[in-house]
**Student:** 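Just passing along the structure, written as structure tokens.
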Amino acid sequence: MPDLIHHLAAVQQRIATAANAAGRDPRSITLLAVSKTFPAEDVREAHAAGQGAFGENYVQESLAKIEALADLRDSIEWHFIGPLQSNKTRPVAERFDWVHSVDRLKIAQRLSEQRPDHLPPLNVCLQVNISGEASKSGVSVPEAVEVAQQIAALPRLQLRGLMAIPEAAGSVDEQRVPHRHLRELFERLCNDGLELDTLSMGMSSDLEAAVLEGATIVRIGTAIFGARDYSH
Ligand SMILES: *Cc1c(COP(=O)(O)O)cnc(C)c1O
């Protein structure tokens, strides 16, 4: 799959170009390769090319993939980024390194209770519905302050920051607006005393806008693995 290697390099180049334009060190931005719907072999290929962090959305699919790639477990970071129902938290707490999609306190409480003692605290981001879309998960901006404080107090979680999936927009300038709002909320939480270091924002179509506004993790699927096929 030589395409995958080229796509990976092209995405790294996009990140570097946007970082330079923003006066940021490209190394301050982590590329999360979103491998949902793609087979374990593609993850193995990307890993062999030096990619270390992978994002997954579906519990069953991701557990099978993590199992198939158990030999690489020590050098892969698995990030859960999809909607999470409260009856599916246990395997996520047991198998993943990060969860970006914590969108209510109850999910955070369950993840904290279910995180095995022999593992380090689970890294989590609070998902914020930054564009205020009815169809999207995530806490509202006004709710975020209180929920973030509550999550930060849970013993087996490490609240790292915020995640958002902004509404699609055409130009980079338009795309920057919701990303800027997420960064402003992030700064407010830091000023309130939370020790956060992660802004998880930016996907294949808006990574430049996200990097210009301070993203520290960009979540890229299509631009690395190609278009997703949901037909089976
Ligand atoms: C699928 C997905 C991505 C990747 O989106 P692309 O447009 O394919 O880069 C990023 N974040 C989340 C939460 C996703 O579900």
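Numbering of ligands and ligand atoms starts at 1, following listing order.
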**Student:** I want to know if ligand 1 touches Gly221 in the polar sense, i.e. an N/O pair below 3.5 angstrom.
**Tutor:**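 Gly221 vs ligand 1: N/O contact under 3.5 Å present.
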**Student:** Mark up the atoms of ligand 1 that fall under 4.0 Å of a heavy atom belonging to Arg219, in ascending order.
**Tutor:**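 Checking each atom against Arg219, I get 4 (C), 9 (O), 10 (C), 11 (N), 12 (C), 13 (C).
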**Student:** Among all protein heavy atoms, pick the one closest to atom 5 (O) of ligand 1 and tell me residue, atom and distance.
**Tutor:**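 Answer, as residue, atom name and distance: Met203 CE, 3.5 Å.
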**Student:** Report the residues that fulfil side-chain hydrogen bond (donor to acceptor under 3.5 Å, both in side chains) with Arg104, sequence neighbours left out, ordered by chain and then residue number.
**Tutor:**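 With neighbours one apart ignored, the set is empty.
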**Student:** In terms of atom number and element, which parts of ligand 1 are under 4.0 angstrom from non-hydrogen atoms of Ile220?
**Tutor:**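 That gives atoms 9 (O) of ligand 1.
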**Student:** Among all protein heavy atoms, pick the one closest to atom 2 (C) of ligand 1 and tell me residue, atom and distance.
**Tutor:**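 Of the protein heavy atoms, Lys36 NZ, 2.5 Å lies nearest.
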**Student:** Is the contact between Ile81 and ligand 1 made by the side chain, the backbone, both, or neither, using heavy atoms and a 4.0 Å cut-off?
**Tutor:**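 For Ile81, the contact with ligand 1 is made by both the backbone and the side chain.
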**Student:** Could you list the donor-acceptor pairs under 3.5 angstrom formed by side chains in residues 31-41, with sequence neighbours left out?
**Tutor:**
from  : atom 1 : to    : atom 2 : distance (Å)
Ser35 : OG     : Gly55 : O      : 3.4
Ser35 : OG     : Glu56 : OE2    : 2.6

**Student:** Please step through side-chain hydrogen bond (donor to acceptor under 3.5 Å, both in side chains) for the pair Lys88 and Gln85, ending with a clear verdict.
**Tutor:** CA-CA 5 Å; Lys88 299 248 180 84; Gln85 294 167 310; 3.3 Å; yes
**Student:** Would you say Tyr58 and Met203 are hydrophobically clustered, going by side-chain heavy atoms of ILVMFWY under 4.5 Å?
**Tutor:**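 Not linked; separate clusters.
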**Student:** Taking NZ, NE, NH1 and NH2 as the nitrogens, is one of them in Arg188 or Glu184 under 4.0 Å from a carboxylate oxygen of the other?
**Tutor:**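 So Arg188 does not pair with Glu184 through a salt bridge.
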**Student:** If the plane angle is over 60° it's perpendicular, under 30° parallel, otherwise tilted; pick one for His79 and His100.
**Tutor:**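 Taking His100 first and then His79, their aromatic rings sit tilted (interplane angle of 30° to 60°).
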**Student:** Which atoms of ligand 1 sit under 4.0 Å from any heavy atom of Ile165?
**Tutor:**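 Going through ligand 1 atom by atom, the ones under 4.0 Å from Ile165 are 13 (C).
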**Student:** Please verify whether a non-hydrogen atom of Arg228 lies at under 4.0 Å from ligand 1.
**Tutor:**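 Yes.
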**Student:** List every atom of ligand 1 that sits less than 4.0 Å from any heavy atom of Asn57, numbering the atoms from 1 in the order shown and giving each element.
**Tutor:**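 Taking each heavy atom of Asn57 in turn, ligand 1 has 14 (C), 15 (O) under 4.0 Å.
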**Student:** For atom 8 (O) of ligand 1, what's the nearest protein heavy atom and its distance?
**Tutor:**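 Protein heavy atom with the smallest distance to atom 8 (O) of ligand 1: Thr222 OG1, 2.5 Å.
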**Student:** Just need the protein heavy atom nearest to atom 9 (O) of ligand 1, so name the residue and atom and give the distance.
**Tutor:**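 Ranked first by proximity to atom 9 (O) of ligand 1 is Ser204 OG, 2.5 Å.
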**Student:** Quick one: do the His47 and Glu45 side chains pair a donor with an acceptor below 3.5 Å?
**Tutor:**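 No pair is found: no donor N or O on one side chain lies under 3.5 Å from an acceptor on the other.
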**Student:** Quick one: do Lys65 and Asp42 make a salt bridge, cutoff under 4.0 Å?
**Tutor:**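 No.
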